[in-house]
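Reviewing the structure listed below.
A, B, ... follow the sequence lines: proteins, then strands. Residue 1 opens every chain.
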2 protein chains.
Amino acid sequence: MTKTTGPLALGNQLCFAFYSVSHAFSRAYRQFLDPLGLTYPQYVVLLVLWEQDDLTVKEIGDRLFLDSGTLTPLLKRLEAAGHIRRTRDKKDERQVRISLTASGRALREKAEEIPRQVGCVLGLSFDEVRALTEQVAKLRGRLHDSASLAART
Amino acid sequence: MTKTTGPLALGNQLCFAFYSVSHAFSRAYRQFLDPLGLTYPQYVVLLVLWEQDDLTVKEIGDRLFLDSGTLTPLLKRLEAAGHIRRTRDKKDERQVRISLTASGRALREKAEEIPRQVGCVLGLSFDEVRALTEQVAKLRGRLHDSASLAART
DNA sequence: AACAAATAGATTGCGCACAATCGAATCATG
DNA sequence: CATGATTCGATTGTGCGCAATCTATTTGTT
């Protein structure tokens, strides 16, 4: 057994809980995403585009808290797979607009069932999932606020 | 604004909440870990060793849900930094035992304050942190159980 | 003793995640 | 206008995270 007291005790550390559950979720999704040839981060990018098509790289990054160093190669792989198109914006040539292809839109159907399938092993009610999601999102917001505060120093 | 309904709506997805809060935590820890020359995964390995020294790679992996593909290079970097020693077990030459050096033990003091410093931006009481940690750990357990069940097929 | 199976760790290859840096395009200010 | 600052995205380099594979060692069975 591990100790359960003290500031360094692993069991008490919320950060590790999130770190490890995030990987566990990623592995759980993998079994459904592998047949589609998608990774979890690619799937999340598609989630964004299924909600709103034709976004710039920056807009996608803002929604997912990812920067171009992560997104550029990821988007190139999605483009190589034929799921998206990358085109420079005519109005502002600095921006690259990302739009779904027919293939990318077609994936949506198959992806629609995944969260439900993973969700049923969680043993949580819809309301519990909603409450937990909101609580976690609130924590993420506070961490971001404090980070951007620290960065301004 | 993003939509808030439908199975694919990002805001409703617990998985993304964990994915993004985990990165947010990692970034929050980074500002404290950078001065120590540690990454978050390296810090977590040290947390384990501060709790119990002289573990095998497998034992560390079991506690952290990581495999040798991740741990071997990470441990070599911790060894190169002088924080740990890696020695083959005399009784069972397949195993590599990981033990802290004086330098590795000395880091503990400086690391002791980090979770508290990050924790105070969360705006949660001690009990709320404990409850949330337990709830998240329970979810991780269920995801693991279902994964090992699926792997056995 | 002999040999198949299991186990521990290392290695390889791929895909994030992110800091740092760069070039090009745009904007702001005088 | 001019030009300095800002913004966007791409690029580079480092470090995970993990599947797949490999070797060496140990264990189990006969």
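A:Asp127 places no side-chain N or O within 3.5 Å of a backbone atom of A:Arg130 that could act as its donor or acceptor partner. Remark: side-chain polar atoms of A:Gln52 are not paired, donor with acceptor, to backbone N or O of A:Leu49 under 3.5 angstrom. Of the possible donor and acceptor atoms, none in the side chain of A:Trp50 sits under 3.5 Å from a partner among the backbone N and O of A:Val45. Of the possible donor and acceptor atoms, one in the side chain of A:Ser20 sits under 3.5 Å from a partner among the backbone N and O of A:Phe16. Distance alone, capped at 3.5 Å, places no donor-acceptor pair between the B:Thr72 side chain and the B:Gly69 backbone.
Chain B approaches DNA chain D within less than 4.0 angstrom (heavy atoms of the protein), and the contacting nucleotides run 5' to 3' from D:dG15 to D:dT26.
Checking A:Asp53, A:Asp89, A:Asp92 one by one against A:Arg97, the salt bridge (Lys or Arg N to Asp or Glu O under 4.0 Å) holds for a single residue, A:Asp89.
Closest approach to the B:Val57 side chain among C:dG9, C:dC18, C:dA8 is made by C:dG9 (side chain taken as heavy atoms from C-beta onward).
Within the 4.0 angstrom heavy-atom criterion, no nucleotide atom of any strand lies near A:Ser26. Within 4.0 Å of A:Arg97, counting heavy atoms only, lies no atom of the nucleic acid at all.
At a cut-off of 3.5 Å, with distance as the only test, no side-chain donor of A:Arg140 or B:His23 sits close to an acceptor on the other residue.
Non-hydrogen atoms lying under 4.0 Å from DNA chain C are contributed by A:Gly69, A:Thr70, A:Leu74, A:Arg77, all within residues 68-79 of chain A.
Contact annotation: B:Tyr19 reaches the phosphate of C:dA17 (side-chain N/O to OP1 or OP2, under 4.0 Å). Contact annotation: B:Arg86 side-chain N/O to C:dA10 OP1/OP2 distance is under 4.0 Å.
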task: Check step by step if ring pair (Phe, Tyr, Trp, His ring centres under 6.0 Å) holds for A:Tyr19 and B:Tyr40.
output: CA-CA 10 Å; A:Tyr19 166 83; B:Tyr40 179 72; 5.2 Å; yes

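Along DNA chain D, the nucleotide closest to A:Arg30 and the one closest to A:Thr56 are compared, and the more 5′ of them pairs with A:Thr56. For B:Arg94 and A:Asp34, each mapped to the nucleotide of DNA chain D holding its nearest heavy atom, the one lying further toward the 5' end belongs to A:Asp34. The 5' end of DNA chain C is approached more closely, in terms of each residue's nearest nucleotide, by A:Gln42 than by the other of A:Asp92 and A:Gln42.
Residues B:Thr133 and A:Ala17 share a closest heavy-atom pair of CG2-CB, 4.1 Å.
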